[in-house]
Amino acid sequence: MEDEVFTVKEVAEMLKVSTSTIYARVSDWPHIRITPTDIRFSREDIEEIKAMPRKTPVGPPAMRARSTRIGTERQKARNRAYNLRNGLKEPPAPR
């Protein structure tokens, strides 16, 4: 039986990532380089890639809620100061 080899596009589909991700990580992964731009992966290479530990966290870190009122008041104060410095007319106050 012949050794089965896969193209970058086929490996990207298998791993459910983009081809640009494959090209970005190829220097850290086992592969077969045919020419400088032609890369192939054997079945064993793909299994080894899947077994590698992840370098990035799976989910985003938990963030606490932030009051939007404080940010809004700060922004309003900044806008008023900017308008005064630049001689712009102050917009009417909301009703």
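The basis for the numbers below is simple: all heavy atoms, side chains too, and nothing from hydrogens, waters or symmetry mates. We number each residue from 1, following the sequence as shown.
Both Val26 and Val11 sit in one connected hydrophobic cluster of ILVMFWY residues. Membership requires side-chain heavy atoms under 4.5 Å apart, directly or through other members. Each of Ile34 and Val8 belongs to its own hydrophobic cluster when Ile, Leu, Val, Met, Phe, Trp and Tyr are linked at side-chain heavy-atom distances under 4.5 angstrom. Hydrophobic cluster membership differs between Ile32 and Phe6, with clusters built from Ile, Leu, Val, Met, Phe, Trp and Tyr side chains linked at under 4.5 angstrom.
Contact annotation: the side chain of Glu10 never approaches that of Phe41 to less than 4.5 Å [non-hydrogen atoms, C-beta and beyond]. In this structure the side chain of Lys50 reaches within 4.5 angstrom of the side chain of Leu15, judged on heavy atoms. Counting heavy atoms from C-beta outward, Glu44 and Glu48 have side chains that stay 4.5 Å or more apart.
When all heavy atoms are compared, the tightest approach of Ile22 to Trp29 is CD1-CZ3, 3.6 Å. Contact between Tyr23 and Thr37 at its shortest, heavy atoms only, is OH-O, 4.3 Å. Heavy-atom minimum distance, Ala24 versus Ser27: O-OG, 4.5 Å. In this structure, Asp28 and Met52 approach most closely via the heavy-atom pair O-CE, 3.6 Å.
Judged purely by atom type and a 3.5 angstrom limit, Arg33 uses its side chain to pair as donor or acceptor with the backbone of Pro36. Formation of a donor-acceptor pair under 3.5 Å by the Asp45 side chain with backbone atoms of Ser42 is found in this model.
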